[in-house]
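Structure first, then comments.
Each residue takes its place number in the sequence, starting with 1.
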Amino acid sequence: MNASASIPPVNPRRGVILLLIAASLWSTNAVFIKGLHDGGMHGAAIASFRSLIAAAFLTPFAWRRRHRVTETGWVVGAVLLFTGMCASFVIATTLTTAANAIILQYTAPAWVLAFAPWINRERTERRQWFAFVAAMLAVALIFAMQFTSDPVGLSVSLLSGMVFGLQVVFFRRVRRLDPVVFIWWCCAGSGLALLPVALWVGGAALSAGQLGLVVVTGVVQFGLPYVIYAAGSRHVSAQRAVLIIMLEPVLNPVWAYVVRGEIPHPSTIVGGAVILCCVTWISIPVGKTQG
């Protein structure tokens with residue numbers, strides 16, 4: 001039997017459609033998180049239960065791809081950072097606008113640029129440093145215009161982006177680990193790590209409606225998009241995938257406006273546009289945009 005016959009053919013159109021679906025599902029996080037918070041759930045409880053349910057959903061997919069985990073220290077570090085990222089992002093979403101939370105989390109590629117030379121000894125291009133400076137100036141604009149009225153929400157949102165960026169750097173040290181298996185470890189680990197805090201803040205006293213919404217959040221918004229993304233990313237280049245996933249921070253505040261009537265601050269719109277352009281430029285190497 002020809003070995004190549006068992007390899008599914010590349011289908012760029014299918015890949016684009018799957019990635020668009022994944023980004024669209026991820027972008028609903030603010031609507032779900034704010035809905036649960038309105039019902040009385042603390043951010044730590046939302047983050048813990050969402051991760052545990054996502055891990056349960058991902059178990060059959062990860063089980064088929066399981067293999068021996070090497071570089072255990074880096075995996076544990078990445079899981080801990082994922083825990084911090086999830087907790088800080090969910091809490092930030094309960095404290096500030098959806099636009100602020102998602103835009104400042106999407107500074108992660110800029111923080112990857114800052115951390116990678118120190119941790120992974122990765123070389124950075126000069127143009128990427130220019131983009132990093134421009135992104136940080138956009139962050140400064142958002143903080144300058146809103147810090148007086150929203151200091152905690154903005155700070156936690158930016159912390160989420162920093163921790164996310166550092167987590168990505170750690171993940172680069174465990175390239176042999178299948179992405180679905182890795183995200184299963186992250187979801188299971190973060191859910192368990194945050195569980196004591198979730199129970200302490202009253203997470204055990206969930207109504208039937210809250211429990212149902214948490215399950216939908218963990219499966220539809222958090223777990224399922226990772227499976228769809230993993231399937232779609234096999235058909236397109238990493239650079240094209242980056243561009244498509246940028247739909248998430250664009251749609252996130254749109255859903256918040258449509259469902260909740262939440263309007264982003266003008267500085268978030270302007271600064272967010274600059275940040276998204278900069279992180280796209282950072283993420284895509286020169287001359288490698290085909291896929």
For [X] and [Y], work out which heavy atoms get closest and say how close.
{"X": "Val274", "Y": "Ala134", "answer": "CG1-O, 3.9 Å"}
{"X": "Pro225", "Y": "Val219", "answer": "CD-O, 4.0 Å"}
{"X": "Ala256", "Y": "Ala98", "answer": "CB-CB, 3.7 Å"}
{"X": "Leu251", "Y": "Ser24", "answer": "CD1-OG, 3.8 Å"}
{"X": "Tyr229", "Y": "Ala241", "answer": "OH-CB, 4.1 Å"}
{"X": "Ala135", "Y": "Ile275", "answer": "O-CG1, 3.9 Å"}

- [ ] Determine whether the aromatic ring centres of Trp185 and Phe182 lie less than 6.0 Å apart.
- [x] no
Taking [atom1] in [X] as the centre, count heavy atoms belonging to other residues, nucleotides or ligands within less than 6.0 Å. Is the count above 12?
{"X": "Trp74", "atom1": "CH2", "value": "yes"}
{"X": "Met246", "atom1": "CE", "value": "yes"}
{"X": "Phe115", "atom1": "CZ", "value": "yes"}

Output the distance between atom [atom1] ([X]) and atom [atom2] ([Y]), rounded to the nearest 0.5 Å.
{"X": "Leu137", "Y": "Phe132", "atom1": "CG", "atom2": "CZ", "value": "10.0 Å"}
{"X": "Gln167", "Y": "Met85", "atom1": "CD", "atom2": "CE", "value": "5.5 Å"}
{"X": "Ile102", "Y": "Ser160", "atom1": "CD1", "atom2": "OG", "value": "8.0 Å"}
{"X": "His235", "Y": "Leu18", "atom1": "NE2", "atom2": "CG", "value": "6.5 Å"}
{"X": "Leu154", "Y": "Leu159", "atom1": "CG", "atom2": "CG", "value": "12.5 Å"}

Among all residues two or more places apart in sequence or in another chain, which pass the side chain to side chain contact (heavy atoms under 4.5 Å, CB included) test with [X]?
{"X": "Ile244", "answer": "Val16, Leu19, Leu20, Arg240"}
{"X": "Ala99", "answer": "Thr97, Pro253, Pro264, Thr268"}
{"X": "Ser155", "answer": "Phe143, Phe147"}
{"X": "Ala108", "answer": "Phe164"}

Would you list the atom pairs, donor with acceptor, under 3.5 Å between side chains in residues 28-40 and any protein atom, with sequence neighbours excluded?
unit_1, atom_1, unit_2, atom_2, d
Thr28, OG1, Leu25, O, 2.7
Asn29, OD1, Asn252, ND2, 2.4
Asn29, ND2, Trp26, O, 3.2
Lys34, NZ, Thr93, O, 2.7
Lys34, NZ, Thr96, O, 2.8
Lys34, NZ, Glu262, OE1, 3.3
Asp38, OD2, Arg260, NH1, 2.8
Asp38, OD2, Arg260, NH2, 2.9

Open item on the list: Can you pull out every side chain to side chain donor-acceptor pair (under 3.5 Å) where at least one residue sits in residues 39-57? Sequence neighbours excluded, please.
Closed with: Arg50-Gln221, Ser51-Ser190
Is there a continuous path of hydrophobic side-chain contacts, each under 4.5 Å between heavy atoms, that joins [X] to [Y]?
{"X": "Val214", "Y": "Val220", "answer": "yes"}
{"X": "Ile269", "Y": "Leu247", "answer": "no"}
{"X": "Leu276", "Y": "Val168", "answer": "yes"}
{"X": "Met136", "Y": "Leu158", "answer": "yes"}

Heavy atoms, side chains only, cut-off 4.5 Å: are [X] and [Y] in contact?
{"X": "Leu52", "Y": "Leu192", "result": "yes"}
{"X": "Val250", "Y": "Tyr106", "result": "no"}
{"X": "Phe171", "Y": "Val75", "result": "no"}
{"X": "Ile183", "Y": "Cys186", "result": "yes"}
{"X": "Phe49", "Y": "Val215", "result": "no"}
{"X": "Leu166", "Y": "Trp111", "result": "no"}

Could you check whether any side-chain N or O of [X] sits under 3.5 Å from a backbone N or O of [Y], counting only pairs where one atom can act as donor and the other as acceptor?
{"X": "Gln210", "Y": "Ser207", "result": "yes"}
{"X": "Thr107", "Y": "Ala110", "result": "no"}
{"X": "Thr59", "Y": "Ala55", "result": "yes"}

Task: side-chain contact (heavy atoms from CB on, under 4.5 Å) between Trp184 and Arg66, worked out - done: CA-CA 10 Å; Trp184 181 90; Arg66 72 190 187 280; over 6 Å; no
Open item on the list: Apply side-chain contact (heavy atoms from CB on, under 4.5 Å) to residues Val180 and Tyr226 and explain how you reach the verdict.
Closed with: CA-CA 7 Å; Val180 174; Tyr226 283 111; over 6 Å; no
